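Whatever order the structure lists them in is the order used to number ligands and atoms, beginning at 1. Small disclaimer: the values here were computed from a predicted structure and weren't measured.
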Amino acid sequence: MLNVFITIDTEIWCNGWKNLDERFPASFNRYVYGPTKKGNFALPGTLDILSDHGLKGVFFLEPLFSARFGLEPLIEIVEIIQTSTQEIQLHLHPEWVDESGDTLLKGITQKIPYLSCCSLQQQIDLISWGKNRLVEAGVTHINAFRAGGYAANSDTLRAVAENNIKFDSSYNPAGSEGIADMSPGQILTQPCFIEGVYEYPVSIMENRKKTKKRIMQITACSFSEFIHCLNQAYDKGWDSIIIVSHNFELLSPDKSKVDEHVLNRFIRICKYLELNSDRFYVRGFHELEPTVNPSQPEPLIGNPIETGLRMAEQLVRHLKYN
Ligand SMILES: [Zn+2]
């Protein structure tokens, strides 16, 4: 069986950093519920599709925004996800630090774009605050972490271990931030043990010439590319595939409409995983017995014909929604 993790980074943005308090209520509604003429396609739509297919999702939930706007909105999100019996884990965007006075870190007046910009002690403190905040909001078991924007470094892994969190899934082989620091000289594609935590890298595909890497994200790859990679990983005896998405990926860029292309793709992927549950075990990090791969296989190869189909599909989407 191939472990498949459908991970959904769940976060709120206010389209800039001005007039935050005025903007927050409408932003919260858009990012959490995502009302459209066809229904609510932020968290509710995503959760419904997962339950329609009996699949587990991992919601990496960002709590630092609540240092500015209070615990109640965070509790509301936790309840929506828990009502659907899905897993909640910890996600952090340090961009909220300077917007929250001295609550998160003392004396910070500049924007912190990446967690990897923070010292080890600052990272330990932020992860500790975020974990405690999720517990305060009603989350009972947190054993996995992902840095915002995958911007982790080896200090992040140490800080995660220091907070008694067993798993990390911040390593993005298609990204640049912290990659060389976390695993000098090699690209990680499968679980391994580094700096006291089990690292589950997000999955990527490469083109045949190995010049381009793309993350396995719902908005970034076609249905055929997903299926091609899932089958490739299964045939090669891989341990795990980590798919990524966000709470707002089923919506158009302005969040006013449902994106039919992405919606259909997500439904088809979920249906495929449901129908092929004899090969693909869609699961979370709770009760996960970690495996460690001493040798790291080469990244999966995206099929060039399927990449062409995706590019055509993305062009249609761009013309329709931009
Ligand atoms: Zn994020």
Side-chain angles (χ1 to χ4, degrees), residues 5-17 20 24 27-28 30-34 42-43 46-47 57-69 73-74 77-78 80-81 86-100 104 111-118 122-123 126-127 129-131 133-134 137 139 142 144-153 156-157 159-160 163 165 167-179 182 199-204 214-220 242-251 253 255 262 266 284-285:
F5 297 80
I6 302 174
T7 65
I8 296 118
D9 294 356
T10 302
E11 56 205 41
I12 294 169
W13 299 107
C14 297
N15 291 345
W17 299 102
L20 282 181
F24 180 72
S27 294
F28 182 84
R30 259 197 312 276
Y31 277 81
V32 176
Y33 295 95
L43 280 178
T46 309
L47 287 161
V58 179
F59 289 78
F60 279 104
L61 176 55
E62 204 297 316
L64 298 189
F65 80 93
S66 76
R68 167 79 180 225
F69 301 110
L74 185 64
I77 302 174
V78 168
I80 293 169
I81 299 170
Q86 295 293 4
E87 189 173 302
I88 299 176
Q89 301 286 2
L90 179 61
H91 185 52
L92 288 189
H93 274 281
E95 292 96 317
W96 290 107
V97 170
D98 67 311
E99 307 293 346
S100 315
L104 297 171
K111 191 63 66 200
I112 304 177
Y114 303 133
L115 199 57
S116 54
C117 298
C118 296
Q122 287 174 326
Q123 296 198 44
L126 284 176
I127 292 171
W129 195 94
K131 186 181 171 188
R133 192 68 160 176
L134 285 185
V139 184
I142 299 154
F145 176 78
R146 175 174 291 155
Y150 316 102
N153 59 9
T156 311
L157 304 182
V160 169
N163 276 286
I165 296 175
F167 300 101
D168 181 84
S169 185
S170 303
Y171 183 96
N172 170 14
S176 53
E177 197 60 34
I179 293 298
M182 284 188 275
E199 178 60 40
Y200 277 62
V202 298
S203 297
I204 59 156
R214 215 144 28 82
I215 192 166
M216 279 182 75
Q217 183 167 352
I218 303 294
T219 45
I242 315 278
I243 295 171
V244 299
S245 185
H246 286 85
N247 48 313
F248 46 84
E249 280 192 34
L250 302 181
L251 295 167
K255 321 272 180 297
V262 178
F266 186 52
F285 291 94

Open item on the list: For Y114, I'd like to know if atom OH has over 12 heavy atoms of other residues, nucleotides or ligands within 6.0 Å.
Closed with: no
- [ ] Determine the interplanar angle of the F24 and F28 rings, folded into 0 to 90°, and report it as parallel if under 30°, tilted if 30 to 60°, perpendicular if over 60°.
- [x] tilted
Open item on the list: Would you call the rings of F65 and F69 parallel, tilted or perpendicular, taking 30° and 60° as the class edges?
Closed with: tilted
- [ ] Taking side chain to side chain contact (heavy atoms under 4.5 Å, CB included) as the test, write out the residues that go with E87, two or more places apart.
- [x] K56, V58, Q89, F285, H286
Task: Contacts of type side chain to side chain contact (heavy atoms under 4.5 Å, CB included), residue P173, not counting sequence neighbours - done: Y171, I187, V202, I204
- [ ] Keeping waters out of it, list the protein N, O or S atoms under 2.8 Å from the Zn ion (ligand 1).
- [x] E11 OE1, H91 NE2, H93 NE2
Open item on the list: Going by salt bridge (charged side-chain N to carboxylate O under 4.0 Å, His left out), name the residues that satisfy it together with R30, two or more places apart in sequence or in a different chain.
Closed with: none
